[in-house]
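Nothing here was measured: the structure is a model prediction, and the numbers come from that model.
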Amino acid sequence: MVEKFKQIVFGKPRDIKDPQVFHHVSLIAFLAWVGLGADGLSSSAYGPDEAFRALGVHTHLSPFLVLMTAVTIFVISIAYSNLIQHFPGGGGGYLVATKLLGEKAGVISGCALLVDYVLTISVSVASGCDALWSFLPPGLAAYKFTAEFVVLGFLIVLNMRGVKESVTFLAPIFMVFILTHAFAILYAIGSHFTQLPEVFRGAHVEFHGAVSMMGFWPVIFILLRAYSMGGGTYTGIEAVSNGVMMLREPRVKTGKKTMFLMATSLAFTAGGILFAYMLTHSVPSEGKTMNAVLFENLFGAWRIGSWSMGTTLVIVTLVSEACLLFVAAQTGFLDGPRVLANMALDSWMPHRFSQLSSRLVTNNGVYLMGTAAIATLLYTHGNITMLVVMYSINVFLTFTLTELGMSRHWIKDRAKEPRWKSQLCIHGTGLVMCLCILFVTLYEKFAEGGWMTVIITSVTIGICFGVRLHYRHVSAGFKDLDKILEATPLPATPIPDTEPMDKKAPTAVLTVQSFSGFGLHQILSIQRLMPGYIRNYIFISVGVVDSGNFKGSEELARLEDQTRSNLEKYVQWCRNQGLKADYRMAIATESVETLEHMCVDLGKEFPKSIVFTGKLIFREERWYQRLLHNETATALQRRLQFDGLQTIVLPIRVLSATG
């Protein structure tokens, strides 16, 4: 019943051997625009709002702000489109910084991205609920905070079903947002079209008047401050380059098409909304977003008889905006776990974050992103201003490192790249823009939440270095075990199996992974424990499909060949020692359940079999070791003993590991 319930909620397991599985889970450009581009497009709900509020009484500067916003969007988008071409394997800011600036810069960028994606979720959910509560009765305000957690829980469950399922479900919401907001912007401009020459002339006159009154640089600083406070507008542009691996082949072409769709729609929406604020003389109102004020100014007076058509249109537009913000939270759930997985593969994060569920989802990452988003909502009480500040700092830290890495690349390889000047111009301009926004945001908002995101990101970086150090100590500990290979090397030519195994004889079933001293140590331990008793040795292994090798059918075939090769080496090593040996293997996303089925089948085939599995033993047991190393041995022993199979866990000491 539990299994059926899980399948109803999360969906049935996917068959990784299905040659079409990658086609089924990948996204075409339109769906990628929905799933990844929604993060950028949804920022038009809070980015222009913050920028316009920062102008204060200087709303005449809005046309300049619109131009700066549109140019910044296209510069960053072109830079990240180039990134997709140079790094078609995905990874975005983390991979770029690692490859072009070094591992330390990479882990800083990766941690900033992780915090960024957590805040993507919390900002989107909080801003979405703000949009809904802009038209709901004030008496319901007490339930807004609760609603944010309900939405978060729904999104976690939805993402556990899979990437394509979650995006397809939310696509209609995305289209309603596009249609309603495009109509609002076009109507705002169209209804004031004859006034546009006067608007631009007035902006020019007021700009010069402000310069003559305050001076040129104070006016520029006001404009730069508003530009930086609206930095949330550009968040999400990097999402496509981080999620290239989930795109439909040809991935580079699909990624570039997605970037174009996102950049064009974001520039039109964010710039159009900013311009519409000025045209309609919208001003901030307590308890309402600026977009809610704008839509009320545009449509509020529309009536057909007794029906307030304008109010209905305002509600529909705000609901579509709120729903798109919930869709934008998808980016945090799609790209956040992927960054976690990439860092886990490089041993900066616990290795379990690279594992896939039966639905081919990095479920541990989804849970972590959701839990961390809940924590940020609790800390900020859903305050969108504080969340956007925390959000923007990490986004532009990643942007800055990425643009710095690409600028360095074009300078370093200018002799090999004929287009290096134009590319350096794009990435250099992006670097200057991102640095300006980062420094101004830190300076202006450090006391209003900026300090917290600096602390959180720094702590995350420290944790990553601690995890990496632990894994290095463990690897050093394995070197002593690998000396067994030097003492008893493999035979030059394979030794054939001349006699069949006696299936009634005592048999050792050993769970192994790669061919190493770890596995050979298990064999020698068995011979010391039971000298002369074991007659057969059967090695079993599961080639685990994780985010590192789930990239195509060729990668899966390579995983299968590698798993088989390792098992054959164990068999040949045993035969070289005069022992009877064989192997069994499987390819799956999860090892414990698969190993259990294999052991049960072998128990029927070899009635006197005993299962042996190895477990790392440290000099001092620490709580974090369970997080950093899987508990396969213990979990498998518990399951097999319940199945009635004899199971022994062999301790493998790691003497060089600290703590």
Visitor: Mind listing the closest non-hydrogen atom pair of G614 and T511 along with its distance?
Guide: N-OG1, 4.5 Å

Visitor: Side-chain contact test, heavy atoms from C-beta onward, threshold under 4.5 Å: evaluate it for K412 versus L100 and give yes or no.
Guide: no

Visitor: Evaluate the ring pair (Phe, Tyr, Trp, His ring centres under 6.0 Å) criterion for residues Y80 and F399: first the C-alpha distance (whole Å), next the side-chain angles of each, then the deciding distance (0.1 Å), finally the verdict.
Guide: CA-CA 9 Å; Y80 270 90; F399 281 1; 5.5 Å; yes

Visitor: Got a donor-acceptor contact below 3.5 angstrom from the T647 side chain to the V611 backbone?
Guide: no

Visitor: When the side chains of residues 453-467 are checked against the rest of the protein, which donor-acceptor pairs come out under 3.5 Å, sequence neighbours left out?
Guide:
from : atom 1 : to   : atom 2 : distance (Å)
T453 : OG1    : M390 : O      : 3.3
T453 : OG1    : N394 : ND2    : 2.4
T457 : OG1    : N394 : OD1    : 2.8
T457 : OG1    : T453 : O      : 2.7
S458 : OG     : V454 : O      : 2.7
T460 : OG1    : I456 : O      : 2.8

Visitor: Looking at CG of L438 and CG of L401, how far apart are the two atoms once the value is rounded to the nearest 0.5 Å?
Guide: 9.0 Å

Visitor: Applying side-chain contact (heavy atoms from CB on, under 4.5 Å) to I540 and V512, what does each step give before you reach the verdict?
Guide: CA-CA 6 Å; I540 61 174; V512 294; over 6 Å; no

Visitor: Check step by step if side-chain contact (heavy atoms from CB on, under 4.5 Å) holds for M585 and E560.
Guide: CA-CA 9 Å; M585 62 171 285; E560 188 171 357; 3.7 Å; yes

Visitor: Looking only at heavy atoms, which two atoms of M452 and Y379 are closest? And how far apart?
Guide: CE-OH, 3.3 Å

Visitor: For S77, is there any backbone N or O sitting under 3.5 Å from a side-chain donor or acceptor partner on S81?
Guide: no

Visitor: Quick one: does V509's side chain get under 4.5 Å of R584's, heavy atoms only?
Guide: no

Visitor: Determine the sole option in D346, T398, T402 for which the side chain to side chain donor-acceptor pair (under 3.5 Å) test with Y94 is passed.
Guide: D346

Visitor: How long is the straight-line distance from CH2 of W420 back to CD1 of I411, given to the nearest 0.5 Å?
Guide: 7.5 Å

Visitor: Yes or no on side-chain contact (heavy atoms from CB on, under 4.5 Å) for I121 and F326, after CA distance, side-chain angles and deciding distance?
Guide: CA-CA 8 Å; I121 299 168; F326 299 151; over 6 Å; no

Visitor: With rounding to the nearest 0.5 angstrom, report the CG to OG distance, L650 to S525.
Guide: 5.5 Å

Visitor: To the nearest 0.5 Å, what is the distance between CD1 (I374) and CE (M369)?
Guide: 12.5 Å

Visitor: Apply salt bridge (Lys or Arg N to Asp or Glu O under 4.0 Å) to R408 and list each qualifying residue two or more places apart in sequence or on a separate chain.
Guide: none

Visitor: R639 versus E593: any side-chain heavy-atom pair under 4.5 Å?
Guide: yes

Visitor: For the side chain of S407 and the backbone of E403, is there at least one donor-acceptor N/O pair under 3.5 Å apart?
Guide: yes

Visitor: Does a side-chain heavy-atom distance below 4.5 Å link F539 with C574?
Guide: yes

Visitor: So do the side chains of L510 and Y537 get within less than 4.5 Å of each other, counting heavy atoms only?
Guide: yes

Visitor: Measure across M343 and V107 and return the closest heavy-atom pair with its distance rounded to 0.1 Å.
Guide: CE-CG2, 3.9 Å

Visitor: Is any side-chain heavy atom of N566 closer than 4.5 Å to a side-chain heavy atom of S541?
Guide: no

Visitor: Please tell me if the side chains of H409 and H427 come closer than 4.5 Å, counting only heavy atoms from C-beta onward.
Guide: no

Visitor: Rounded to the nearest 0.5 Å, what's the gap from CD on Q423 to CH2 on W410? Could you check?
Guide: 4.5 Å

Visitor: Check D561 with R558, please: is the shortest side-chain N to carboxylate O separation under 4.0 Å?
Guide: no

Visitor: Check whether S109 reaches the backbone of G106 with its side chain - one donor and one acceptor, N or O, closer than 3.5 Å.
Guide: no

Visitor: Show the nearest heavy-atom pair for residues A112 and L397, with the distance to one decimal.
Guide: CB-CD2, 3.8 Å

Visitor: For a 4.5 angstrom cut-off between non-hydrogen side-chain atoms, does L387 reach L119?
Guide: yes

Visitor: Identify the heavy atoms of V125 and A329 that sit nearest to each other, and give their distance.
Guide: CG2-CB, 4.3 Å

Visitor: Hey, mind stepping through L41 and M262 against side-chain contact (heavy atoms from CB on, under 4.5 Å) and telling me if it holds?
Guide: CA-CA 7 Å; L41 189 56; M262 183 175 65; 5.8 Å; no

Visitor: Take Y583 and Y570, measure what ring pair (Phe, Tyr, Trp, His ring centres under 6.0 Å) needs, and give me the verdict at the end.
Guide: CA-CA 9 Å; Y583 72 87; Y570 277 113; over 10 Å; no

Visitor: Could you grab the distance from atom CD of E568 to atom OG1 of T563, nearest 0.5 Å is fine?
Guide: 11.0 Å

Visitor: Provide the closest heavy-atom pair for T594 versus A586 in the form atom of the first, atom of the second, distance.
Guide: CG2-CB, 3.8 Å

